[in-house]
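Computation of the quantities below employed the complete heavy-atom set of this structure, encompassing side-chain atoms and omitting hydrogens, waters and symmetry-equivalent molecules. Each ligand, and each atom within it, is numbered from 1 in the order the structure gives. Here, residue 1 is the first one in the sequence, and each next residue gets the next number.
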Amino acid sequence: MNKRKKIVVFTGAGISAESGLKTFRDSDGLWENYRIEDVATPEAWRRNKSLVLDFYNERRRQLLNAQPNAAHLALVELEKLYEVVIITQNVDDLHERAGSKRVIHLHGELLKARSSLNENLVYEWRTDLKIGDTCELGSQLRPHVVWFGETVPKMQEAIKETLDADILLVIGTSLQVYPAASIVQYAPRNAEKYYIDPKADELSFYGVQAISKKAGEGVPELVKELMRI
Ligand code: OAD
């Protein structure tokens with residue numbers, strides 16, 4: 001039997017938009033209503049922990065009421081024919097709930113909390129995170145997310161997975177945030193590349209086939225095509 005082809009899927013907030021979760025940079029996106037420097041940096045956390053916790057508590061509550069959409073579900077189908085690795089910038093768990101088996105979260109996970117003393121002490125967390133919730137060392141727990149100005153611990157693992165991709169799918173991301181966005185540059189030159197995003201035409205990069213559609217429509221269509229081969 002031939003070795004299965006490998007598909008690397010790189011996703012951003014746009015894939016979860018049709019599940020009711022806001023993106024960051026679209027009109028009425030999260031960064032229009034909150035300032036990054038108030039809620040998503042280590043300095044914000046030092047200055048006002050309650051404000052930061054409130055921001056992520058609201059995100060977590062919304063996530064627990066959201067469901068995977070047609071795009072998350074279609075990606076699971078690909079596993080019948082291909083080796084599939086999902087690299088997501090999203091902190092939601094909608095890929096996992098849809099059934100995807102290999103998901104790398106570059107920017108952390110909303111349903112986890114971690115020690116502010118030891119980043120390896122990570123706990124499942126599904127309720128509001130409050131001042132006074134502590135890790136086993138006694139330090140305040142923080143959201144298990146990567147903030148602006150922090151390193152992206154999973155970056156090397158994600159790059160390694162991308163280097164031998166036969167096909168790259170980029171879905172619902174503005175490709176504005178580095179280092180995450182650099183993932184697309186690590187796919188082999190001859191890999192087939194697709195970019196599904198309503199703004200794919202304007203954001204498009206070299207060698208990619210831009211599909212300017214919402215994920216809920218564009219992803220199931222492309223998956224159908226990829227399953228025909
Ligand atoms: P952005 O908000 O920057 O971009 C969202 C993308 O989704 C845009 O290109 C939209 O055109 C697209 N979009 C909107 N609706 C869509 C739909 N229904 N289907 C498909 N695409 C749609 O979000 P990201 O690129 O994910 O990081 O942002 C990257 C990082 O910036 C995030 O992980 C987060 C943020 O600040 C941190 O918080 C560290």
Undergrad: Could you label the plane-to-plane angle of the His95 and His72 rings as parallel, tilted or perpendicular, counting under 30° as parallel and over 60° as perpendicular?
TA: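 If you compare the ring of His95 with that of His72, the planes turn out perpendicular.
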
Undergrad: Counting only nitrogen or oxygen atoms and a 3.5 angstrom limit, does Gly216 reach ligand 1?
TA: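 Not met; the criterion fails.
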
Undergrad: Hey, which atoms in ligand 1 end up nearer than 4.0 Å to a heavy atom of Glu18?
TA: 17 (C), 18 (N), 19 (N)

Undergrad: Does the structure place the NZ or CZ of Arg142 under 6.0 Å from the centre of the six-membered ring of Trp147, at an angle of no more than 45° from the ring's axis?
TA: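 Positive - Arg142 is close enough to the ring of Trp147 and near enough to its axis.
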
Undergrad: Compare every heavy atom of Gln140 with every heavy atom of Ser116, then report the nearest pair and how far apart it is.
TA: OG-O, 2.5 Å

Undergrad: With a 4.0 Å cut-off on heavy atoms, does Trp147 reach ligand 1?
TA: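 The answer is no: ligand 1 sits nowhere under 4.0 Å from a heavy atom of Trp147.
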
Undergrad: Report yes or no: does Pro198 have a heavy atom closer than 4.0 Å to ligand 1?
TA: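 So Pro198 counts as touching ligand 1.
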
Undergrad: Measure from NZ or CZ of Arg59 to the centre of the six-membered ring of Phe55 and say whether it is under 6.0 Å with the direction within 45° of the ring axis.
TA: yes

Undergrad: Between Pro143 and Leu53, is there a side-chain heavy-atom distance shorter than 4.5 Å?
TA: yes

Undergrad: Counting non-hydrogen protein atoms only, what is the nearest one to atom 30 (C) of ligand 1? Give residue, atom name and distance.
TA: Val177 CG2, 3.7 Å

Undergrad: Enter the distance from Gln62:CD to Asn57:CG here, rounded to the nearest 0.5 Å.
TA: 11.5 Å

Undergrad: Which part of Val145 is near ligand 1, with near meaning a heavy atom under 4.0 Å away: side chain, backbone, both or neither?
TA: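 For Val145, no heavy atom sits under 4.0 Å from ligand 1.
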
Undergrad: Is there a nitrogen or oxygen of Asp197 sitting under 3.5 Å from a nitrogen or oxygen of ligand 1?
TA: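 Yes; at least one N/O pair falls below 3.5 Å.
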
Undergrad: Between the side chains of Glu77 and Tyr82, is a donor N or O closer than 3.5 angstrom to an acceptor N or O?
TA: no

Undergrad: Kindly confirm or rule out an N or O of Lys214 lying under 3.5 angstrom from an N or O of ligand 1.
TA: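 So ligand 1 has no N or O lying under 3.5 Å from an N or O of Lys214.
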
Undergrad: Would you check whether Gly14 has a nitrogen or oxygen atom less than 3.5 angstrom from a nitrogen or oxygen atom of ligand 1?
TA: yes

Undergrad: Rounded to the nearest 0.5 Å, what separates atom CZ in Phe148 from atom OG1 in Thr41?
TA: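 If I round to the nearest 0.5 Å, the distance is 9.5 Å.
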
Undergrad: So which heavy atom in the protein is nearest atom 31 (O) of ligand 1, and how far is it from that ligand atom?
TA: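 For this ligand atom, the closest protein heavy atom is Arg25 NH1, 3.0 Å.
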
Undergrad: Just which atoms of ligand 1 are under 4.0 Å from any heavy atom in Thr173?
TA: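 Under 4.0 Å from Thr173, ligand 1 has these atoms: 6 (C), 9 (O), 24 (P), 25 (O).
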
Undergrad: Less than 4.5 Å apart, any side-chain heavy atom of Leu94 and any of Leu63?
TA: yes

Undergrad: In ligand 1, which numbered atoms sit nearer than 4.0 Å to a non-hydrogen atom of Thr23?
TA: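 The list of qualifying atoms is 2 (O), 5 (C).
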
Undergrad: Is there a polar contact, in the sense of an N or O pair closer than 3.5 Å, between Ala215 and ligand 1?
TA: yes

Undergrad: Give the numbers and elements of all ligand 1 atoms closer than 4.0 Å to a heavy atom of Val146.
TA: 39 (C)

Undergrad: Starting from atom 14 (C) of ligand 1, find the nearest protein heavy-atom neighbour and note its residue, name and distance.
TA: Asp26 OD2, 3.3 Å

Undergrad: Name the closest protein heavy atom to atom 26 (O) of ligand 1, giving the residue it belongs to and the distance to 0.1 Å.
TA: Ala13 N, 2.8 Å

Undergrad: Using distance alone, decide if ligand 1 has a nitrogen or oxygen within less than 3.5 Å of any nitrogen or oxygen in Ser174.
TA: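 Checking ligand 1 against Ser174, an N or O pair does fall under 3.5 Å apart.
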
Undergrad: Report yes if some heavy atom in the side chain of Met227 is under 4.5 Å from a heavy atom in the side chain of Lys224; otherwise report no.
TA: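 Result no, sub-4.5 Å side-chain heavy-atom pair not found.
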
Undergrad: Considering only the protein, which heavy-atom contact is closest to atom 29 (C) of ligand 1, and what is its distance?
TA: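 Of every protein heavy atom, Gln89 OE1, 3.3 Å lies nearest to atom 29 (C) of ligand 1.
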
Undergrad: Specify the protein heavy atom at minimum distance from atom 32 (C) of ligand 1: its residue, its atom name, and the distance to 0.1 Å.
TA: Phe24 CE1, 3.5 Å

Undergrad: Polar-atom distance check: Trp31 versus ligand 1, any N or O pair below 3.5 Å?
TA: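 Yes: some nitrogen or oxygen of Trp31 is under 3.5 Å from one in ligand 1.
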
Undergrad: Can you confirm whether the side chains of Glu192 and Tyr194 place a donor and an acceptor under 3.5 Å from each other?
TA: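 Side-chain D/A pair, Glu192 to Tyr194: present.
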
Undergrad: Side chain or backbone, does Tyr195 bring an N or O within less than 3.5 Å of an N or O on ligand 1?
TA: no

Undergrad: Under 4.0 Å from a heavy atom of Gly12: which atoms of ligand 1 are those, numbered in the order shown and with their elements?
TA: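 Those atoms are 26 (O).
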
Undergrad: Suppose we measure from atom 15 (N) of ligand 1 to each protein heavy atom; which comes out shortest, and what is that distance?
TA: Ala17 CB, 3.8 Å

Undergrad: Ignoring hydrogens and angles, state whether a donor on the side chain of Tyr206 or Gln185 is under 3.5 Å from an acceptor on the partner side chain.
TA: no

Undergrad: Less than 4.5 Å apart, side chain to side chain, heavy atoms only: is that true for Leu121 and Asn118?
TA: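 Side-chain contact under 4.5 Å: yes.
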
Undergrad: Using the side chain to side chain donor-acceptor pair (under 3.5 Å) definition, which of the options Gln89, His144, Lys112, Glu96 pairs with His105?
TA: Glu96

Undergrad: Tell me: protein heavy atom nearest atom 33 (O) of ligand 1, and distance?
TA: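 The closest one turns out to be His107 ND1, 2.8 Å.
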
